[in-house]
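We number each residue from 1, following the sequence as shown. Every number for a ligand or one of its atoms is a count from 1 in the order of the listing.
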Amino acid sequence: MGPDVLLYSTEFLIKEPHRKHVVTMHQDLAYWGLGEIDGILTTWLALTPATPKSGCMEFVKGSHKSPIIPHEDSFDELNLLSRGQEIKVNVAEEDKSSGALATGEMSLHHGLMIHGSGANTSDDRRIGVVMRFLSPHVKKPNNAPDYGVAMRGNCDMGNFTLCHVPKGLFHPEDLLLYQDI
Ligand SMILES: O=C(O)CCC(=O)C(=O)O
């Protein structure tokens, strides 16, 4: 990614025990309007054990070398993705590699990597903190406004509006900025 790094987004991805929620197989970059770039990386930090039983991620080995593959949106309420997006290609079980993580371990994946996760059939919550890091050298193809938090190096290239770090827990100014974004 180079020496300059922006934090593009952070979220908790939680699966409650014994629920049917899944994440269908997808590529992150199919939805972000950034094109087929290398300058983005997702880190997924396990706060509880992420195992095949609790619905850890599964990856298709080598798929980060594919272009963006067509997806479709199901808006299924049992899908943790906002639009229920899924690649329009069937992924054979034998092509999936488990991304099981112990608490405190982290995986990294490329924005074109095909990945997803199954239901949590364990007795515990599966909690991941997802942080997406982006090179500030990336230019949005349509120049649409976009945001990030400067993490390292020089992030002020004019490609992204730099946001301040949160002022507090649910601070009104942060919530306004969040709404704006
Ligand atoms: O938490 C999951 O199971 C899936 C996460 C995911 O798709 C992502 O971080 O890009």
Side-chain angles (χ1 to χ4, degrees), residues 1 5-93 95-135 138 140 146-149 151 178 181:
M1 288 187 65
V5 182
L6 272 177
L7 177 64
Y8 193 43
S9 75
T10 308
E11 61 203 294
F12 284 91
L13 283 172
I14 302 176
K15 286 184 187 156
E16 299 293 339
H18 301 289
R19 298 272 175 84
K20 294 192 172 139
H21 295 88
V22 298
V23 173
T24 41
M25 286 282 166
H26 67 283
Q27 291 168 301
D28 296 334
L29 278 172
Y31 286 84
W32 294 343
L34 296 167
E36 289 166 357
I37 55 163
D38 280 325
I40 190 152
L41 185 71
T42 292
T43 65
W44 200 106
L45 171 67
L47 296 191
T48 57
T51 62
K53 199 170 163 62
S54 72
C56 66
M57 279 192 290
E58 294 175 304
F59 300 98
V60 177
K61 198 171 171 179
S63 58
H64 61 292
K65 294 183 183 153
S66 349
I68 292 177
I69 294 168
H71 285 59
E72 64 195 354
D73 299 339
S74 69
F75 293 98
D76 185 344
E77 57 186 39
L78 290 182
N79 199 321
L80 287 187
L81 299 177
S82 52
R83 296 185 241 172
Q85 49 266 47
E86 181 168 17
I87 48 166
K88 284 206 222 165
V89 169
N90 280 334
V91 178
E93 281 310 307
D95 289 337
K96 297 179 185 170
S97 300
S98 164
L101 299 170
T103 304
E105 286 184 333
M106 184 172 84
S107 63
L108 308 176
H109 67 259
H110 187 280
L112 289 171
M113 171 66 75
I114 299 172
H115 62 289
S117 62
N120 181 2
T121 58
S122 78
D123 298 331
D124 197 2
R125 290 169 102 193
R126 191 222 64 169
I127 307 176
V129 184
V130 179
M131 288 161 279
R132 309 199 196 263
F133 294 98
L134 179 67
S135 162
V138 165
K140 289 202 86 159
D146 211 342
Y147 303 79
V149 178
M151 288 279 116
Y178 181 75
I181 293 170

- Note on the structure: By ring pair (Phe, Tyr, Trp, His ring centres under 6.0 Å), F59 pairs with (sequence neighbours left out) H109

- Distance-only donor-acceptor check, side chains T48 and R126, under 3.5 Å: no

- Note on the structure: Contacts for ligand 1, heavy atom under 4.0 Å, by chain and number, are L13, K15, V23, H26, D28, T42, W44, M57, H109, H115, S117, R126, V130, R132

- Message: Side chains of H26 and H115, heavy atoms from C-beta outward: is any pair under 4.5 Å?
- Response: yes

- Task: Report yes if the side chains of V138 and I40 come closer than 4.5 Å at any heavy-atom pair, otherwise no.
- Result: no

- Query: With sequence neighbours left out, what residues match Y31 under ring pair (Phe, Tyr, Trp, His ring centres under 6.0 Å)?
  - Reply: H71

- Return the set of residues passing ring pair (Phe, Tyr, Trp, His ring centres under 6.0 Å) with H21 (not counting sequence neighbours), or none when no residue passes. none

